[in-house]
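What follows is a short report on a single structure.
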Amino acid sequence: MSGDVVLRVNGEDRVLHLDNRVTLLDALREHLRLTGTKKGCDHGQCGACTVLLDGERANSCLLLAVAVAGRAVTTVEGLADGAEPHPLQRAFIAHDGFQCGYCTPGQICSAIGMLAEAAAGLPSAVSADLAGTAAVDLDDEEIRERMSGNLCRCGAYAGIVAAIREVAGG
Amino acid sequence: MSAGTGLSRLEGRDKVTGAALYAYEYPVEDPLYVWPVGATVANGSVVEVDPAAALADPEVVAVLDHTNAPRLGQGGIADQHVLQSPDVAYRGQIVAGVVATTPEAAREGAEQMLVRYVERPAKVVLDPSDPSLEEPTAAFGGHPGSDAKGDVDAALAAADVVVDRVYTTPTEHHNPMETVATIAQWSGDRLLVYDSNQGPWTAAVAFGALWDIPPERVEVVTEHVGGGFGAKVRPTPGAVLATMAARVTGRPCKLMLTRQQMFTMSPGRSATRSRIRLGARHDGTLTAVDHDALQYSSVIHEYVEHTGAATRTMYATDNLRITHRLARLNLPTPRVMRAPGHAPGMFALESAMDELAYALDLDPLALRLANEPAVEPAGGLPFAGRHLVECLTVGAERFGWATRDPTPGMRRHGRWLFGTGLAASTYPALQRAATATARAEPDGGFHVWVGAVDLGTGARTALWQLAVEALDAPPSRVSIHIGHSSHGQAPLAGGSSGTASWGGAVRAACTALRERLAEHGGVVPADGLAVTGSTEPPPPDRSRHSYGAHFCAVRVDADTGQVRVDRLLGVFAHGRPLNARTAHSQLLGGMVMGVSMALHEQTVVDPRLGMFVNHDLAQYHVATNADIRGLEAHSLERADDDVTLAGGKGVGELGIVGAAAAIANAVHHATGVRVRDLPITLERVRGQ
Ligand code: FES
Ligand code: FES
């Protein structure tokens, strides 16, 4: 079974004729040539495919493309402001927050979503305040916990935490 | 800007913006998608492949099995001889491939395939009492299968104190974040492969051998690789299947292994079992070292993990014996994984040294210092730089080792038990033959080509820095080109040898180009000037290794046995790095994998089915961000470690070696429980 789908990706409406089995991840990579979003497991276990869906982080391998029609999808290709990279993209370079770079787009999208969650007061497993009443103070422990859905086999975690801390600190 | 400074990565911006292209991401016209079908028996033969259900889908274009697949040449290794016979040597071995116009249809088709087997009994458990164990004459990496000096048995019998223990490490899988991915395309008898591998030139040679064509007719493109760690050292069976599908269909064919397929269609690390016997005098002098190492290979290819190799270089003793034995199992052929041989072997040796220190009532640091050799213990070769003592003493100082009370199991705060431990590290400084070409353009620009690959090591940036330095040219005028087999003969990225080997060739080419330019009076001819340089491996006249020391602090939950690494500090002697920043990241990355190896990683074999049970990232655990804190890597740059043309020794593996032993030793110090089997799981800490 297939059908027409309108995907709103990086602010642009894209019309695709898709097999209903196509995931958002494969729609991006195979149909829209947006290969910045990576496939590491296709099973929601690694975070490499993280995109922002209406501003919240989501594993695009766990979403069927037809199910996100009309929602705003932001990928790593849509983060820069014109020629100016997103501050997190710059910080990942400055702190060597990657080696092979394959987990990196997912880390960066995840970090953007995570910063918004913390600002909204959403607690994590290591938060002292579970009521979620105030913005979370993102210390290293909070960052590590909140970023643990994004695996980095190269082990660039120290640089990833440093990059996020710099941007979170404003 | 010169070599050694911490320049950020040349491809950094491409990687953070998603512009960097990995193998599966190259645009090709009208591709087909290939889905491999793995065997569902561990030993046997395929007697029937029925593709009817798969072919009923009009999107399925072709089905390959052993009856209709193209015949390959004799070159390559057994695992690469995909679909050449009905024999099944292990569960998950490729028995068919489905080719379709969409990945969804290919996957669905693969599910629909009916494959029938005759099944034979399978042997899948590593068993030291297996009567058919082999004693190979050689282990991987040119190490002797067995090696002895003095009289180990007599020395053990006469020793004041003996430690005699068995240490095991499980099968492990590399799990690079990018799985094996290939796009293959034929034009006539020329093959173009976009491939995720650890060496485009060696891959081209392998594809050429498999297809019986000269390697020059194969172009392998490997610009960016999402991690390798050994999983991608040779073309995998999946990559070979993609070239077959492209041959049969005449169209570009794309294949990307699933995470689950990675456990059987790409290699893993052999489980190992090391029996270590140490004999010593009361004063701590080692009188005997015996390392008996057991590992496995598949039944179709011999790979002997050199688990005992590090023991050759570590500690002074008059009586030394290293033995490798090999079981042949119905499991996929294991291969190198980050610090092959040394990562499992040093877990054993460095755990045993800690046990000996306790048996002698000596500080583990003092025990190591007391047995520092003047020459390599096994072969008697002089060292080309060592500095293990300095790594240990500098590390002890930075860590605050001196105030440690060695008594185990007595530092408790609330539910947590605290402990510290140390272990040494070592890895060979390898250098292989390589070529590079440097070219001067009339407009003042320079280009350097080398068949290198950057797995995330920082090789591209380091080689560029080296070229800038060797050419003494303005950085903006120098371009580095890597990642293509057509750049010339080059070794793969493995054994921490890549950058040293490619760098040697880059230096040779750039130096020769400068000399040629000088002959031309410094004027570049109108059609430019190109020079190819090459290097050979150094003669085996010295013992070339890097060394290091890990110091670790853990806390262990007294109730659950959960281990947290609070601090892991490494001091490493590897000479001058081409790029201090990426070298530092490499060392940290190795240490992270060391924590992962110590606490999480194991591939579990079902003894009845011969199946890797936990074949995904939800069940095969690797270290996450929350597992890692308090990581420090310090480098000692000592001139006598600069033993390669590129400068110092490789750093890709040094960080992982010994890390698991340091953690296990710290767990013992915290709890009094000695865990001799990796990973250090809760039930093992609880002594169950
Ligand atoms: S690819 Fe989606 S979580 Fe791994
Ligand atoms: S940078 Fe390689 S997996 Fe994170």
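Atom set for the values below is all heavy atoms of this structure, side chains included, hydrogens, waters and symmetry mates excluded. It should be emphasised that the depicted structure is a prediction, and the values quoted were computed from it without experimental measurement. Lettering follows sequence order; numbering is per chain, from 1.
Heavy atoms of B:R107 lying under 4.5 Å from chain A belong exclusively to its side chain. Only the side chain of A:E141 has a heavy atom closer than 4.5 Å to any heavy atom of chain B. In this structure, chain A has a heavy atom under 4.5 Å from the side chain of B:L21, while its backbone stays farther away. Contacts of A:H31 with chain B are absent, with no heavy-atom separation under 4.5 Å from either backbone or side chain. Heavy-atom distances place both the backbone and the side chain of A:L151 under 4.5 Å from chain B. In this structure, no portion of A:D140 lies under 4.5 Å from any heavy atom of chain B. Contact of B:P31 with chain A is not made at all, since no heavy-atom distance falls under 4.5 Å. The contact between B:S596 and chain A is made entirely by side chain atoms (from C-beta outward), counting heavy-atom distances below 4.5 Å. Both the backbone and the side chain of B:I628 come within less than 4.5 Å of a heavy atom of chain A. If you measure heavy-atom distances from A:V126 to chain B, you find no contacts under 4.5 Å at all. Interface remark: A:R29 contributes side-chain atoms only to the contact with chain B (heavy atom separation under 4.5 Å). The contact between B:M177 and chain A is made by backbone and side chain atoms together, counting heavy-atom distances below 4.5 Å. Looking at B:M256, the atoms closer than 4.5 Å to chain A (heavy atoms on both sides) all sit in the side chain, from C-beta outward. Contacts between B:H584 and chain A at a heavy-atom distance below 4.5 Å are absent for every atom of the residue. Interface residue B:Q586: backbone and side-chain heavy atoms are both found under 4.5 Å from chain A. Only the backbone of B:Y26 comes within less than 4.5 Å of a heavy atom of chain A; no side-chain atom from C-beta onward does. At a 4.5 Å heavy-atom cutoff, the contact between B:V592 and chain A is made by side-chain atoms alone. In this structure, chain B has no heavy atom under 4.5 Å from any part of A:L34. Neither the backbone nor the side chain of B:Q261 comes within contact range of chain A; no heavy atoms are under 4.5 Å apart. Both the backbone and the side chain of A:D96 have a heavy atom closer than 4.5 Å to some heavy atom of chain B.
The greatest number of non-hydrogen atom pairs below 4.5 Å with chain B, out of A:M147, A:E30, A:R146, is found for A:E30. Taking B:A20, B:S8, B:G458, B:P27 one by one and counting their heavy-atom pairs under 4.5 Å with chain A, the maximum is reached by B:P27. Of the listed residues A:R90, A:K39, A:R33, the one with more heavy-atom pairs under 4.5 angstrom with chain B than any other is A:R33. Options A:A156, A:G78, A:G44, A:S148 differ in how many heavy-atom pairs under 4.5 Å they form with chain B, and the most are formed by A:S148. When each of A:G149, A:C152, A:A94 is checked for heavy-atom pairs under 4.5 Å with chain B, A:A94 comes out on top. Counting heavy-atom pairs closer than 4.5 Å to chain A, the top residue among B:A105, B:S585, B:G227 is B:S585. Contact count against chain A (heavy-atom pairs under 4.5 Å) is highest for B:E25 among B:E108, B:R259, B:R13, B:E25. Taking A:C100, A:C46, A:G36 one by one and counting their heavy-atom pairs under 4.5 Å with chain B, the maximum is reached by A:C100.
Side-chain N/O atoms of B:Q260 and A:H43 include a donor and acceptor closer than 3.5 Å. Checking B:E11 against B:H224 by side-chain atom types alone, no donor-acceptor pair falls below 3.5 Å. A donor-acceptor contact closer than 3.5 angstrom is absent between the side chains of B:T461 and B:R9. Between the side chains of B:N579 and B:Q465, at least one donor-acceptor pair of N or O atoms lies under 3.5 Å.
Of all heavy-atom pairs between A:A27 and A:L16, the closest is CB-CD1, 4.5 Å.
When each of A:R144, A:E142, A:E117 is paired with A:S124, the side chain to side chain donor-acceptor pair (under 3.5 Å) condition holds for A:E142 and for no other. Exactly one residue among B:E172, B:H615, B:H600 makes a side-chain contact (heavy atoms from CB on, under 4.5 Å) with B:Y620. That residue is B:E172. The one candidate from A:L79, A:T104, A:V167 that meets the side-chain contact (heavy atoms from CB on, under 4.5 Å) condition with A:Q89 is A:L79.
Two residues are said to be in side-chain contact when any heavy atoms from C-beta on lie closer than 4.5 Å; A:P85 and B:V16 fail this criterion. Contact check for B:I663 versus B:V595: side-chain heavy atoms found under the 4.5 Å cut-off.
Between B:H173 and B:F263, the ring-plane angle classifies as tilted under the 30° and 60° cut-offs.
Atoms OH and OG1, on B:Y24 and B:T179 in that order, are 9.0 Å from each other to the nearest 0.5 Å.
At least one donor-acceptor pair under 3.5 Å links the side chain of B:S425 to the backbone N or O of B:V657. The backbone N or O of B:L492 lies less than 3.5 Å from no partner atom in the side chain of B:Q198, so there is not a single donor-acceptor pair.
More than 12 non-hydrogen atoms from other residues, nucleotides or ligands lie less than 6.0 angstrom from CG of A:D4. Around the CD atom of A:E56, the shell of radius 6.0 Å holds no more than 12 heavy atoms that belong to other residues, nucleotides or ligands.
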